[in-house]
Novice: 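If you scroll down you'll find the structure; I have some questions about it.
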Amino acid sequence: MKMSHYFLPTLKEVPSEAQLVSHRLMLRAGMIAQECAGIYHWLPLGLRVLQKVEGIIRKGLDDAGFHELLMPTLQPAELWEESGRYEAYGKEMLRITDRHDRRLIYGPTAEEAITDIVRRFIKSYRELPQVLYQFQWKFRDEIRPRFGVMRGREFYMKDAYSFDIDRESAEKTYGRVIQAYMEIFKNLGLKAIPVRADTGPIGGDLSHEFQVLAETGESDIYYDGDFDDFTFRGGEEDLNRIKKLYAMADDMHDSALCPVPEDRLKHKKGIEVGHIFYFGTKYSLPMKTTVTNEQGKPILVESGSYGIGVSRVVAALIETNHDEFGIKWPEQVAPFKIGLINLKVGDDQSDRVCAEIYERFRNAGVEILYDDRPESVGVKFSTMDLIGLPYQIIVGPRGLKEGQIEVKDRRSSEKILCSVEDLYQRFLSHA
RNA sequence: CGGGGCGUGGCGCAGCCUGGUAGCGCGCCUGGUUUGGGUCCAGGAGGCCGGAGGUUCGAAUCCUCUCGCCCCGACCA
């Protein structure tokens, strides 16, 4: 992508409404723009990151054997009356009336919708367990939206729903999701701790929040310091270790009952990037969702639901990956892998070398953003640091005189000088 | 919803108290200049001051209402 033709409205000054660093950087880097309170446009650069995050989550879920579908944003009120949540969910739920005075709601979650699908199409225990998921925009009419996409009213969410024949099987599925989530968050470059949590309006009796440690987090969590050294490799053994380690949301923590010795107990702030629930027959009972068991008798299905705040993950990534100059994207979620800076547009040699590098990387399928704008060097360096691409390739007359270009690692700030051939060697040898 | 703050060119702000129909920085456009960390110079475009009503000879400035946004709290994935 050539920056001269890209849509990248970066800001030099910080819009006054933004307090949180991720909110500021997303606005300044031209990733998002506010539409109204708690509702945001995702501009090209931001959308690329959102889609990268989505892709990593999708792969993790598909690898775990779950199946993606897509449900509508709008749902009929009747479905929610059937589960009893039409009244219970309260003002957070956006209610709409269509031209025929039919009552609709903009989905804040989709337990009713998915349960309706399952009861219509799944008839036998042989078809279970089943885990279905989607990526879809949700709307929850927060009393006070804040912090940009961290706590927006409209947000992009991955929501998964599981269906099993009994509690034992359902808890196994619950464990499979925990494993998939640990893998996903690791792949996203986030350290997430699963903490025991209250179940809230989703309901049920088993629930974990996945918390990313960050000073600016809105949640208070208490956990065994051993979590800090815990690296998830997957498998039954690690899952059992996770289940044993103490980690609690503040409303679940009781210092009198906490088994962790004081010197090992950590109390920190976290960003809740995921929340999972096991709720048994909470929806299958009122919605009469049964399958036939081995004896040919109808049994209620046992369910759980599992969310990841995709748009919030983007903000969480910035909260944990930035410095005073801007964002420092982990490579796997970066909007582009490489930023190419032509320090002197108009200089024959610089133009030629940049054009060659740009084409070579593009042909190799490496995502590269080429700053070919006739701006001063300071502007280019600042822009590139701000948007935080992992590697900067800096080309100018001074270096070219020695046959050299510069490669800067945005995360480590490490700079090396090398030839163009070395550059290809380093980035394209395996491609 | 309770408490607080703010709405003035794209962004950040001053002007408002002590009414006389708008100013600064950045950005944008043009020309020149500069070229390894938001370069410098000159010229230029762009706002009727969130909206409505009122007071007044006259309102961005005063009054009333209203809409929007932000912060704290309660609440929440």
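Throughout, protein chains are lettered first and strands after them, A, B, ... in sequence-line order, and every chain is numbered starting at 1.
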Novice: So, OP1 or OP2 of B/U34: does either fall under 4.0 Å of a side-chain N or O from A/S376?
Specialist: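 For B/U34, OP1/OP2 do not have a side-chain N/O of A/S376 under 4.0 Å.
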Novice: Using the P atom in both, what is the distance from B/U61 to B/G15, to the nearest Å?
Specialist: 15 Å
Novice: With a 4.0 Å cut-off on heavy atoms, is A/V273 in touch with a base, just the backbone sugar-phosphate, or nothing at all?
Specialist: nothing
Novice: Between A/G38 and A/R398, which has a closest nucleotide on RNA chain B that is more 5'?
Specialist: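 Going by which nucleotide is closer to the 5' end, it is A/R398.
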Novice: Which nucleotide, B/A77, B/G37, B/C71, lies nearest any side-chain atom of A/H275?
Specialist: B/A77
Novice: Does any nucleotide pair with B/G38 by Watson-Crick or G-U wobble geometry, both distances under 3.5 Å, and what is it?
Specialist: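 Pairing partner, where one exists within any strand: none, as none qualifies.
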Novice: Using Watson-Crick or G-U wobble geometry with both distances below 3.5 Å, tell me the partner of B/A74, or none.
Specialist: none
Novice: Suppose you measure atom C1' in B/G50 against the same atom in B/G9; what distance do you get, rounded to whole Å?
Specialist: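 Approximately 14 Å lies between the C1' atom of B/G50 and that of B/G9.
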Novice: Quick check on RNA chain B: between A/Q404 and A/G309, whose nearest nucleotide comes earlier from the 5' end?
Specialist: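 Comparing both residues, the 5'-ward one is A/Q404.
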Novice: Nearest whole Å is fine: how far is B/C70 C1' from A/I39 CD1?
Specialist: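 It is 16 Å, rounded to the nearest whole Å.
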Novice: Considering only side-chain heavy atoms of A/A37, which listed nucleotide, B/G37, B/C69, B/G36, is closest?
Specialist: B/C69
Novice: Rounded to whole angstrom units, what separation is found between the NZ atom of A/K380 and the C1' atom of B/U39?
Specialist: 14 Å
Novice: Can you figure out which of B/C70, B/G73, B/A77 approaches the side chain of A/I143 most closely?
Specialist: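 Closest of the options to the side chain of A/I143: B/G73.
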Novice: For A/R146 and B/C71, is the shortest distance between a side-chain N/O and OP1 or OP2 below 4.0 Å?
Specialist: no
Novice: Please determine, for B/U64, whether a Watson-Crick or G-U wobble partner exists with both distances under 3.5 Å, and give it or none.
Specialist: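 With both distances under 3.5 Å, B/U64 matches B/A52.
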Novice: Could you walk me through whether A/Y391 and A/F427 pass the ring pair (Phe, Tyr, Trp, His ring centres under 6.0 Å) check?
Specialist: CA-CA 10 Å; A/Y391 303 100; A/F427 286 99; 5.0 Å; yes
Novice: Does the distance from a Lys or Arg side-chain N to an Asp or Glu carboxylate O, for A/E218 and A/R144, drop under 4.0 Å?
Specialist: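 A/R144 and A/E218: not salt-bridged.
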Novice: Determine whether a donor-acceptor pair (N or O, by modelled atom type, separation under 3.5 Å) exists between the side chain of A/Q332 and the backbone of A/N187.
Specialist: yes
Novice: Given the P atoms of B/G25 and B/C40, what is the spacing between them in whole Å?
Specialist: 13 Å
Novice: Under 4.0 angstrom, heavy atoms only, what part of the nucleic acid is A/I308 near: base, sugar-phosphate, or nothing?
Specialist: nothing
Novice: As a test of reading the structure: which of B/U35, B/C70, B/A74 is closest to the side chain of A/Q19, going by heavy atoms?
Specialist: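 Of the candidates, B/C70 comes closest.
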Novice: Roughly how far apart, to the nearest Å, are B/G4 and B/C63 at atom C1'?
Specialist: 22 Å
Novice: Exactly one of A/E112, A/E111, A/E82, A/R85 should register a side chain to side chain donor-acceptor pair (under 3.5 Å) with A/Y283. Which one does?
Specialist: A/R85
Novice: Using a 4.0 Å cut-off on protein heavy atoms (strictly under), produce a 5'-to-3' string for nucleotides 26-31 of chain B with B for base contact, S for backbone-only sugar-phosphate contact, and - for none.
Specialist: BS----
Novice: Grab the CD-P distance between A/Q392 and B/G36 for me, whole Å please.
Specialist: 17 Å
Novice: Of the listed nucleotides (B/C11, B/C70, B/A77), which one gets closest to any side-chain atom of A/E272?
Specialist: B/A77
Novice: Stacking between A/F155 and the base of B/A77 (centre distance under 5.5 Å, interplanar angle under 30°)?
Specialist: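 Check passed, A/F155 stacks on base of B/A77.
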Novice: If pairing requires Watson-Crick or G-U wobble contacts with both distances under 3.5 Å, which nucleotide is the partner of B/C26?
Specialist: B/G10
Novice: Between B/C57 and B/G19, how far is it from one P atom to the other, in whole Å?
Specialist: 15 Å
Novice: Roughly how many Å is it from CG in A/D220 to P in B/A77, rounded to a whole number?
Specialist: 16 Å
Novice: What contact category does A/E17 fall into here, base, sugar-phosphate, or nothing, at under 4.0 angstrom with non-hydrogen atoms?
Specialist: sugar-phosphate
Novice: Reckon A/G307 touches a base, only the sugar-phosphate, or nothing at all at heavy-atom distances under 4.0 Å?
Specialist: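 It contacts nothing in the nucleic acid.
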Novice: Assign A/K408 to base, sugar-phosphate, or nothing according to its heavy-atom contacts below 4.0 angstrom with the strands shown.
Specialist: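 Touches a base.
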Novice: Between B/C69, B/G36, B/A77, which nucleotide has the shortest distance from any of its atoms to the side chain of A/R140?
Specialist: B/A77
Novice: Short question: side chain of A/W329, backbone of A/I387 - any donor-acceptor pair under 3.5 Å?
Specialist: yes
Novice: Determine which nucleotide pairs with B/C69, using a 3.5 Å limit on both distances of a Watson-Crick or G-U wobble pair.
Specialist: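 Across any shown strand, B/C69 pairs with B/G5.
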Novice: Nearest of B/C72, B/A77, B/G36 to any side-chain atom of A/V377?
Specialist: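 Of all the options, the side chain of A/V377 is nearest to B/G36.
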Novice: May I ask you to decide whether A/R410 forms a salt bridge with A/D323, counting only side-chain N to carboxylate O separations under 4.0 Å?
Specialist: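 Answer for the salt bridge query: yes.
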Novice: Counting the atoms with a prime plus P, OP1 and OP2 as sugar-phosphate, which does A/G152 contact under 4.0 Å by heavy atoms, base, sugar-phosphate, or nothing?
Specialist: base
Novice: Can you tell me how far C1' in B/A59 sits from the matching atom in B/C16, rounded to whole Å?
Specialist: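 Each nucleotide's C1' atom is 10 Å from the other's.
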Novice: Output the rounded distance in Å from CG (A/D347) to C1' (B/U34).
Specialist: 14 Å
Novice: Give the rounded distance in Å between these two atoms: CD of A/Q34 and C1' of B/C69.
Specialist: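 Distance check: A/Q34 CD to B/C69 C1' gives 7 Å.
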Novice: Please state the C1' separation for the pair B/U30 and B/C67 - nearest whole angstrom.
Specialist: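 Their C1' atoms lie roughly 40 Å apart.
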Novice: With a 4.0 Å cut-off on heavy atoms, is A/S16 in touch with a base, just the backbone sugar-phosphate, or nothing at all?
Specialist: sugar-phosphate
Novice: Report the nucleotide, chosen from B/C72, B/A77, B/G36, that has the shortest atom-to-atom distance to any side-chain atom of A/E142.
Specialist: B/A77
Novice: Categorize A/R28 for me: base, sugar-phosphate, or nothing, with a 4.0 angstrom heavy-atom threshold over every strand shown.
Specialist: base
Novice: Is A/D98 atom CG crowded by more than 12 heavy atoms from other residues, nucleotides or ligands, each under 6.0 Å away?
Specialist: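 More than 12 within 6.0 Å, yes.
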Novice: Check the angle between the aromatic planes of A/W137 and A/W42 and answer parallel, tilted or perpendicular using the 30° and 60° thresholds.
Specialist: tilted
Novice: With ring pair (Phe, Tyr, Trp, His ring centres under 6.0 Å) as the criterion, how do A/F66 and A/Y133 come out once you've worked through the C-alpha distance, each side chain's angles and the decisive distance to 0.1 Å?
Specialist: CA-CA 7 Å; A/F66 307 153; A/Y133 74 93; 7.4 Å; no
Novice: Could you state the CG-C1' distance from A/L11 to B/G12, rounded to the nearest angstrom?
Specialist: 11 Å
Novice: Heavy atoms only, 4.0 Å cut-off, all strands: where does A/G399 land among base, sugar-phosphate and nothing?
Specialist: base
Novice: If you draw the axis of the six-membered ring of A/Y370, does the NZ or CZ of A/R362 fall within 45° of it and under 6.0 Å from the ring centre?
Specialist: no
Novice: Please check if the side chain of A/K344 supplies one atom and the backbone of A/D351 the other of a donor-acceptor pair under 3.5 Å.
Specialist: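 Checking the backbone N and O of A/D351 against the side chain of A/K344, no donor-acceptor pair under 3.5 Å is found.
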Novice: Across all strands shown, which nucleotide pairs with B/G58 by Watson-Crick or G-U wobble geometry, both distances under 3.5 Å?
Specialist: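 Partner of B/G58: none found under 3.5 Å.
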Novice: Return the value, rounded to whole Å, for the distance between atom CD1 of A/I32 and atom P of B/C11.
Specialist: 15 Å
Novice: If only side-chain N and O atoms of A/T109 are considered, is one of them under 4.0 Å from the OP1 or OP2 phosphate oxygen of B/A77?
Specialist: no
Novice: Expressed in whole Å, how much space separates the C1' atoms belonging to B/C26 and B/U39?
Specialist: 15 Å
Novice: Establish, from distance only, whether the side-chain atoms of A/D228 and A/Y223 form a donor-acceptor pair under 3.5 Å.
Specialist: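 Side chains of A/D228 and A/Y223: pair found under 3.5 Å.
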